[in-house]
Visitor: 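Have a look at this one.
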Amino acid sequence: MGTGHVGLVTCVTFASIGHEVVGTDVDVEKIELLGRGIPPFYEPGLEEALKQESASGRLSFTTVAADALRDAEIVFICVGTPARANGDANLLAMEQSASQIARHAPDGVVVVEKSTVPAGTADRVLVTLQREGGGREFHVASNPEFLREGAAMRDALEPDRIVIGIESPRSLEVLSRLYAPLLDAGIHLIVTDIRTAELAKHASNAFLAMKISFANALARLCELAGADVADVADVMGRDPRIGRPFLDAGLGYGGYCFPKDVAALKRLSERLGYPLPLLDAVERVNEEAVEAAAAKIEEALWNLEGKRIALLGLAFKAGTDDVRFSPALALARRLLASGAVVVGHDPRAASNAKEDLPELVLASDAYEAASGAHAVVIATEWPAFRDLDLGTLREIMTYPLVVDGRNLFDPAEMADAGFWYYPTGRPPVVPTPPVQGSLPIEVGDQPTPVGQPSVGP
Ligand code: UGA
């Protein structure tokens, strides 16, 4: 139930390991597209697998939940759990799914939460099933997903772990049978109680968000101390207790998961009477990351009014067309509000970005965006940006300024190419400003460049 990013990848990958899957969604347009083998979003490998599994007859889609549920042995709830204004997860779609299951699924069905939900949600699901299920038997379980957008197919078929939260032997038996092909291939299985499985998912996302915010806080400190956050992260990351992934400083985390899951875990902790102020700091540092980049651009350009800024990358991360809670768009909004003209380019997310932010001017490639720009800003870590021809870029820009919100470039190369280069948490590359010839300047009284120590081209 629910054919969003998680639901659709779950449908396709379960079909690919031999199960018969019926996906259902209330969104008529989405189901119509899926029926024609077209995913409503970009995910590498998904379209081919969708077409293949649909052709095999193992995978089909319907808007009629009753049809999907009638003969189901297992039902996965994969609906959205967006944040409410106070940070709580909005679980209305969970309740509506439970109601549908109660009305249409057969006796003894195993109902599995795949959506990310606060600990205790399964209890509410079970109550709804029992209230509305006319005396039939239901088994509730939790099976959180750990899929990353852009790598979701691989993450689904070769996960680091499969987590199953169960409270009945029937749930364990059915889920073990479902995952048998992956378990036989050696994927690690962790069986817990349901609340533990629910909490483990929130804990994983919040911890990853905390790593990113730690790196971003260090980046600010490094800029003030004249140190290099990328090297600091490399040193830290060699310690297997810390690990290098998710220590890349930049514009901060975005996307549909981290912001809402950090907020939901925070709210859960408050409701349970043990608030986690650590998570307040994680959120605050993340918000500051975008503002710090904006301030850096402002410092480099002096006034933003009328300046043309090329924003390279609009998706919340590379490998996806998803712009939900994208730090790149948050930065674009901030620059537009300050009077800049923002010309964006993204290999996948341009049209979604334009829908979200109509004031954005779109360019069909990075060079078109940079042409005549007073600054290029790297906002999403698309590897293709790393391969840009720096000589051409320098030539077509009005000012040779690059603000790197994702630390994609090598500072020495940027210096060689003649850029003023402002990375994140690393020493900037800024040439010594020209000395005004008419002013008599005493030796030892040279003007010092504004900002950080320079590594000049
Ligand atoms: C995240 C988790 O990584 C998945 O394990 C989880 O299943 C998923 O949420 C979910 O709950 O469904 P995803 O949102 O696809 O996956 O994105 P990530 O790859 O985790 O990246 C999140 C954000 O952090 C992006 O904006 C990315 O640019 C940023 N990030 C990541 C950094 O700023 N620095 C880093 O070092 C790593």
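Note that ligands are numbered from 1 as they come in the structure, with each ligand's atoms numbered from 1 the same way. Reckoned from all heavy atoms, side chains included, excluding hydrogens, waters and symmetry mates.
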Visitor: For Asn205, counting its heavy atoms only, list the atoms of ligand 1 lying under 4.0 Å from any of them.
Guide: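 Ligand 1 atoms under the 4.0 Å threshold to Asn205: 2 (C), 6 (C), 9 (O), 10 (C), 11 (O).
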Visitor: Do Glu43 and His5 have a side chain donor and acceptor closer than 3.5 Å?
Guide: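 On atom types as modelled, these side chains qualify, holding a pair under 3.5 Å.
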Visitor: Starting at OH of Tyr179, measure out to CD1 of Ile164 and round the result to the nearest 0.5 Å.
Guide: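 Here the rounded value is 7.0 Å.
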Visitor: Take Glu291 and Arg334 through the salt bridge (charged side-chain N to carboxylate O under 4.0 Å, His left out) test and state the conclusion after the steps.
Guide: CA-CA 8 Å; Glu291 184 47 38; Arg334 164 69 168 76; 2.9 Å; yes
Visitor: Where is the nearest protein heavy atom to atom 5 (O) of ligand 1: which residue, which atom, and how far?
Guide: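 Scanning the protein heavy atoms, the shortest distance from atom 5 (O) of ligand 1 goes to Phe146 O, 3.3 Å.
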Visitor: Ignoring angles and geometry beyond distance, decide whether Val6 reaches within less than 3.5 Å of ligand 1 through its nitrogen or oxygen atoms.
Guide: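 No, no N or O pair falls under 3.5 Å.
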Visitor: Do any heavy atoms of Lys211 fall under 4.0 Å from ligand 1?
Guide: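 No, that is not the case, since the closest heavy atom of the residue is not under 4.0 Å from the ligand.
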Visitor: Under 3.5 Å, is there a donor-acceptor pair linking the side chains of Asp322 and Tyr256?
Guide: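 Not at all, the side chains of Asp322 and Tyr256 share no donor-acceptor pair under 3.5 Å.
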Visitor: Which protein heavy atom lies closest to atom 4 (C) of ligand 1, and at what distance to 0.1 Å?
Guide: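 Result for atom 4 (C) of ligand 1: Leu147 O, 3.4 Å.
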Visitor: Kindly check if the number of other-residue, nucleotide or ligand heavy atoms within 6.0 Å of CZ (Arg124) is above 12?
Guide: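 Open.
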Visitor: Output the list of atoms in ligand 1 that are nearer than 4.0 Å to some heavy atom of Tyr253, sorted by atom number.
Guide: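 With Tyr253 as reference, the close atoms of ligand 1 come out as 23 (C), 24 (O), 26 (O), 29 (C).
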Visitor: For atom 21 (O) of ligand 1, what is the nearest protein heavy atom, given as residue, atom name and distance?
Guide: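 Checking every protein heavy atom, the shortest distance to atom 21 (O) of ligand 1 gives Lys317 CD, 3.9 Å.
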Visitor: Checking a contact table here: which protein heavy atom is nearest atom 34 (N) of ligand 1, and how many Å away?
Guide: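 Ranking protein heavy atoms by distance from atom 34 (N) of ligand 1, first comes Asp248 O, 3.0 Å.
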Visitor: So how far is it from Thr192 OG1 to Glu167 CD, rounded to the nearest 0.5 Å?
Guide: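 The distance works out to 8.5 Å.
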Visitor: Looking at ligand 1, is there an atom of it that comes within less than 4.0 Å of some heavy atom belonging to Gly252?
Guide: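 Under 4.0 Å: yes for Gly252.
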Visitor: My understanding is that we take every heavy atom of each candidate and find the minimum distance to atom 26 (O) of ligand 1. Doing that for Phe258, Phe246, Phe316, which one comes out nearest?
Guide: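 Looking at heavy atoms only, Phe316 sits closest to atom 26 (O) of ligand 1.
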Visitor: Is it the case that Arg161 places NZ or CZ above or below the six-membered ring of Phe146, under 6.0 angstrom from the centre and within 45 degrees of the axis?
Guide: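 Flagged: Arg161 positioned over aromatic ring of Phe146.
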Visitor: When you look at CZ of Arg271, are more than 12 heavy atoms from neighbouring residues, nucleotides or ligands closer to it than 6.0 Å?
Guide: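 Counting neighbours around CZ of Arg271, more than 12 heavy atoms of other residues, nucleotides or ligands fall under 6.0 Å, so yes.
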Visitor: List the closest protein heavy-atom neighbour of atom 33 (O) of ligand 1: residue, atom name, distance to the nearest 0.1 Å.
Guide: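 Minimum-distance protein heavy atom for atom 33 (O) of ligand 1 reads Arg406 NH1, 3.2 Å.
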Visitor: Which atoms of ligand 1 sit under 4.0 Å from any heavy atom of Glu149?
Guide: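 With Glu149 as reference, the close atoms of ligand 1 come out as 15 (O).
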Visitor: Could you tell me if Ser213 and Asn216 have a donor-acceptor pair between their side chains, going purely by distance under 3.5 Å?
Guide: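 No.
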Visitor: For atom 28 (O) of ligand 1, what's the nearest protein heavy-atom neighbour? Residue, atom name and distance, please.
Guide: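 The closest heavy atom on the protein side is Glu381 OE2, 3.1 Å.
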Visitor: Of all the non-hydrogen atoms in the protein, which one sits nearest to atom 9 (O) of ligand 1, and at what distance?
Guide: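 Here the nearest protein heavy atom works out to Cys257 CB, 3.3 Å.
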Visitor: Side chains of Ser171 and His139: donor-acceptor distance under 3.5 Å anywhere?
Guide: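 On atom types as modelled, these side chains do not qualify, holding no pair under 3.5 Å.
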Visitor: Cut-off 3.5 Å, side chains only: do Ser16 and Thr13 have a donor facing an acceptor?
Guide: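 There is no such pair (donor and acceptor under 3.5 Å, judged by atom type) between the side chains of Ser16 and Thr13.
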Visitor: I'd like to know whether ligand 1 has Gly255 as a neighbour, heavy-atom separation below 4.0 Å.
Guide: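 For ligand 1, residue contact (heavy atoms, under 4.0 Å) with Gly255 is absent.
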Visitor: Return the closest protein heavy atom for atom 31 (C) of ligand 1 as residue, atom name and distance.
Guide: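 Closest protein heavy atom to atom 31 (C) of ligand 1: Ile212 CD1, 3.5 Å.
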Visitor: For atom 3 (O) of ligand 1, tell me which residue out of His202, Arg148, Lys260 has the closest non-hydrogen atom.
Guide: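 Result: the heavy atom closest to atom 3 (O) of ligand 1 is in Arg148.
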